[in-house]
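Written below as structure tokens is the structure these notes are about.
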Amino acid sequence: MQLNPYGEYAVLLAASLANDWPSDREGVVARTYEYGMTAVYAPGAPSDLEATRAVIDSWLEVVDAETAAERARLLNRLMAAATAYPRLTDHDGEWHLHYRDDDQRLPQVLRAVIAVGTALHVTTRGMGRLSRCAAGRFPGDPCRNVVVDVTRNGRQRYCSVRCANRDGVRRHRARSALAHPGA
């Protein structure tokens, strides 16, 4: 039994799109399939790529919210924009829920899936389990990647091992400089 059809994968998909934006609509569609979506999208329009980017930009406002209350307000606004009622479907041979109308184009589908998935993620795992890479807090480090913390202990702060290692080296050098001034 699948209880959370729009949870983790939808948030990981949104982060993937935010961190590495595809150059065309086909790239976005391919990414949705890589992250487990089985949707058949209504035919595309020339504005689909731009409209889908706007969905991701709205989602990034949720990521960058400074408080849990602000995150909830922005996420509620994103979900309200997805206006569709939940429905059962078996388009892929398995009965499951869709939180969108069946005839929607790519931007509308992703708005609904990502909004509901993010809401499920932050309410089941914690409001703080969505952030930017901690390495980006240092001057000169351009990393602004999104981190979706799906770890068991809830302590993921970096988008990659590389960023975590760079931060560890930076902290080590800072401690060494304090311990050995002028060295």
Review point. What are the two closest non-hydrogen atoms of Arg170 and Ala135, and how far apart are they?
Key: NH1-O, 4.2 Å

Exercise for review: Start with the C-alpha distance between Ser131 and Arg157, add both sets of side-chain angles, then the distance that settles side chain to side chain donor-acceptor pair (under 3.5 Å), and finish with yes or no.
Suggested key: CA-CA 8 Å; Ser131 62; Arg157 301 292 174 255; 5.7 Å; no

Review point. Quick check: does any side chain N or O of Arg132 sit under 3.5 Å from a backbone N or O of Arg144, one acting as donor and the other as acceptor?
Key: yes

Review point. Cluster question for you: counting only ILVMFWY and a side-chain heavy-atom cut-off of under 4.5 Å, with indirect links fine, are Tyr35 and Val147 together?
Key: no

Exercise for review: Give a yes or no on whether a salt bridge exists between Asp149 and Arg125, defined as a side-chain N under 4.0 angstrom from a carboxylate O.
Suggested key: no

Exercise for review: Could you tell me whether the side chain of Glu61 reaches within less than 4.5 Å of the side chain of Leu78, counting heavy atoms only?
Suggested key: no

Study note, to complete from the structure: For Met127 and Ala72 the tightest heavy-atom approach is CE-N, 3.9 Å

Review point. Counting only N and O atoms by type, is there a donor-acceptor contact under 3.5 Å from the side chain of Ser16 to the main-chain atoms of Leu12?
Key: no

Check your understanding: Closest heavy-atom contact between Cys159 and Cys133?
Key -> N-SG, 3.4 Å

Review point. So which heavy atom on Pro22 is nearest to which on Arg31, and how close?
Key: CG-NH2, 3.6 Å

Review point. With a 4.5 Å heavy-atom cut-off, do Ser47 and Arg105 have their side chains touching?
Key: yes

Check your understanding: Judged by atom type as modelled, is there a donor-acceptor pair below 3.5 Å linking the side chain of His121 to the main-chain atoms of Ala10?
Key -> no

Review point. Would you say the side-chain atoms of Thr52 and Arg25 include a donor-acceptor pair closer than 3.5 Å?
Key: no

Check your understanding: For Val29 and Leu106, what are the C-alpha separation, side-chain angles and deciding distance, and is it a side-chain contact (heavy atoms from CB on, under 4.5 Å)?
Key -> CA-CA 8 Å; Val29 170; Leu106 180 65; 3.9 Å; yes

Review point. Is there a side-chain contact (heavy atoms from CB on, under 4.5 Å) between Val113 and Tyr9 once you walk through the steps?
Key: CA-CA 10 Å; Val113 169; Tyr9 86 85; 4.1 Å; yes

Check your understanding: In this structure, are over 12 heavy atoms from other groups packed under 6.0 Å from Glu50 atom CD?
Key -> no

Check your understanding: Are the side chains of Ile114 and Ile56 in touch, meaning some heavy atoms are under 4.5 Å apart?
Key -> yes

Check your understanding: Of the non-hydrogen atoms in Leu74 and Ala65, which two are nearest, and what is the gap between them?
Key -> CD1-CB, 4.2 Å

Review point. Under 4.5 Å between side-chain heavy atoms, hopping through other hydrophobics if needed: is there a path connecting Leu13 to Val62?
Key: yes

Exercise for review: Determine whether Val28 and Leu110 make a side-chain contact, defined as any pair of heavy atoms from C-beta on separated by less than 4.5 Å.
Suggested key: yes

Check your understanding: Are any of the side-chain nitrogens in Arg71 or Asp64 under 4.0 Å away from the carboxylate oxygens of its partner?
Key -> no

Exercise for review: Would you indicate whether the side-chain heavy atoms of Leu130 and Val146 approach each other to under 4.5 Å?
Suggested key: yes

Check your understanding: Ion pair present between Arg73 and Glu70, side-chain N to carboxylate O less than 4.0 angstrom?
Key -> yes

Point to revise | Distance-minimising heavy-atom pair for Ala18 and Trp59 | key: CB-CZ3, 4.1 Å

**Study point:** Nearest-0.5 Å distance, CH2 of residue Trp95 to CG of residue Leu88
**Key:** 6.5 Å

Exercise for review: Please step through side-chain contact (heavy atoms from CB on, under 4.5 Å) for the pair Val122 and Arg129, ending with a clear verdict.
Suggested key: CA-CA 6 Å; Val122 298; Arg129 305 276 299 253; 5.8 Å; no

Practice item. Verify side-chain contact (heavy atoms from CB on, under 4.5 Å) between Arg53 and Trp21, making sure each step is shown before the conclusion. Key: CA-CA 8 Å; Arg53 182 68 227 192; Trp21 182 248; 3.4 Å; yes

Practice item. Taking Asp48 for its side chain and Ala45 for its backbone only, find out whether a donor-acceptor pair lies under 3.5 Å. Key: yes

Review point. Same hydrophobic cluster for Leu17 and Leu60, using side-chain heavy-atom links shorter than 4.5 Å among ILVMFWY?
Key: yes

Practice item. Without swapping roles, check the side chain of Asp24 against the backbone of Gly27 for a donor-acceptor pair under 3.5 Å. Key: yes

Review point. Heavy-atom distance under 4.5 Å between the side chains of Asp20 and Asn145, does that happen here?
Key: no

